[in-house]
Amino acid sequence: MSGETDLGRLLATLSARMEDGLYVFATVAELPSDLHPRMIFHEAEGITLILLRDQADRLSLPWEFPCRMITLEVHSSLSAVGFMARIATELARRGIAVNPVSGFHHDHLFVPEPRAAEVMQILAEIAGS
């Protein structure tokens, strides 16, 4: 499996990039054909979307959780143990909600828009510890 699995190395090489745009979470019964969400996840209750708020508003989709997307630039393995737990625990300690999503190459954090800059600072602190 590709990517880093060693927690010490993951934390030591942690860097983050805040993506442009304000994201939201929405749910639909069927995926609109003209929609290009960042993430699609099929659940029993419906299709969960993470998409730019402008896209949701354009289609009059009800949405929740306005957030910023932060990409962790280290190439973490899908089998890495403890990496997201370390980050989520620190954010929880400071009362910050996080919805993590793991891609093949990187992990992504969806955090409340008003606290995104604070999360970037916390990630820098974690990397420096």
Open item on the list: How long is the straight-line distance from CH2 of W63 back to CG of D57, given to the nearest 0.5 Å?
Closed with: 6.5 Å

TODO: Take the angle between the ring planes of F25 and F110 and call it parallel below 30°, perpendicular above 60°, tilted in between.
DONE: perpendicular

Open item on the list: To the closest 0.5 Å, what do you measure between CG (D20) and CG (L52)?
Closed with: 9.5 Å

Open item on the list: Main chain of G21, side chain of R68: is a donor-acceptor contact present, judged purely on distance under 3.5 Å?
Closed with: yes

TODO: Please report the shortest heavy-atom distance between V28 and P32, naming the atom on each side.
DONE: CG2-CD, 4.4 Å

Open item on the list: Quick check: closest heavy atoms across A16 and L72, and the distance to 0.1 Å?
Closed with: CB-CD2, 4.1 Å

- [ ] Begin with the C-alpha distance, continue with both residues' side-chain angles, and end with the deciding distance and a verdict on side-chain contact (heavy atoms from CB on, under 4.5 Å) for E4 and T13.
- [x] CA-CA 10 Å; E4 183 60 62; T13 59; 5.8 Å; no

TODO: Could you pull out the closest heavy-atom pair between C67 and L22, with the gap in Å?
DONE: O-CD1, 3.4 Å

Open item on the list: Using a 6.0 Å cut-off, check whether atom CD of E30 has over 12 heavy atoms from anything other than its own residue.
Closed with: no

Open item on the list: Quick one: does any side-chain atom of H108 pair with a main-chain N or O of T71 as donor and acceptor, under 3.5 Å?
Closed with: no

- [ ] Enter the distance from M120:CE to R115:CZ here, rounded to the nearest 0.5 Å.
- [x] 15.5 Å

TODO: Consider only side-chain heavy atoms of I, L, V, M, F, W and Y, link residues closer than 4.5 Å, and tell whether V119 and I126 are in one cluster.
DONE: yes

Open item on the list: Minimum heavy-atom separation for I70 and A116, please, with both atom names.
Closed with: CD1-O, 4.0 Å

Open item on the list: What's the separation between atom CG in L11 and atom CG in L123, rounded to the nearest 0.5 Å?
Closed with: 10.5 Å

Task: Single-linkage hydrophobic cluster I47~L51, side-chain heavy atoms < 4.5 angstrom - done: yes

- [ ] Report yes if some heavy atom in the side chain of V74 is under 4.5 Å from a heavy atom in the side chain of F83; otherwise report no.
- [x] yes

TODO: Verify the neighbour count for atom CD of E125: are there more than 12 heavy atoms of other residues, nucleotides or ligands below 6.0 Å?
DONE: yes

Open item on the list: Which heavy atom of P112 sits nearest to which heavy atom of A97, and what is that distance?
Closed with: CD-O, 3.1 Å

Open item on the list: Within the 4.5 Å heavy-atom criterion, are I87 and V98 side-chain neighbours or not?
Closed with: no

Open item on the list: According to a hydrophobic-cluster definition based on side-chain heavy atoms being under 4.5 Å apart (Ile, Leu, Val, Met, Phe, Trp, Tyr only), do L91 and L14 belong together?
Closed with: yes

Task: Rounded distance (nearest 0.5 Å) linking atom CD of E64 with atom OG1 of T27 - done: 9.5 Å

Open item on the list: For residues M39 and L49: do they belong to one hydrophobic cluster (side chain heavy atoms under 4.5 Å, members Ile, Leu, Val, Met, Phe, Trp, Tyr)?
Closed with: no

Open item on the list: Keeping H105 on the side-chain end and H75 on the backbone end, is there a donor-acceptor pair under 3.5 Å?
Closed with: no

Open item on the list: Quick check: closest heavy atoms across L78 and G103, and the distance to 0.1 Å?
Closed with: CD2-O, 3.4 Å

Task: Sidechain N-carboxylate O distance under 4.0 Å for E113, R53 - done: no

Task: R58 and D34, any side-chain heavy atoms less than 4.5 Å apart - done: yes

TODO: Mind checking the OG-CZ spacing from S2 to F104? Nearest 0.5 Å is all I need.
DONE: 3.5 Å

Open item on the list: Please say yes or no: joined through hydrophobic side-chain contacts below 4.5 Å, possibly via intermediate residues, are M69 and L61 part of one cluster?
Closed with: no

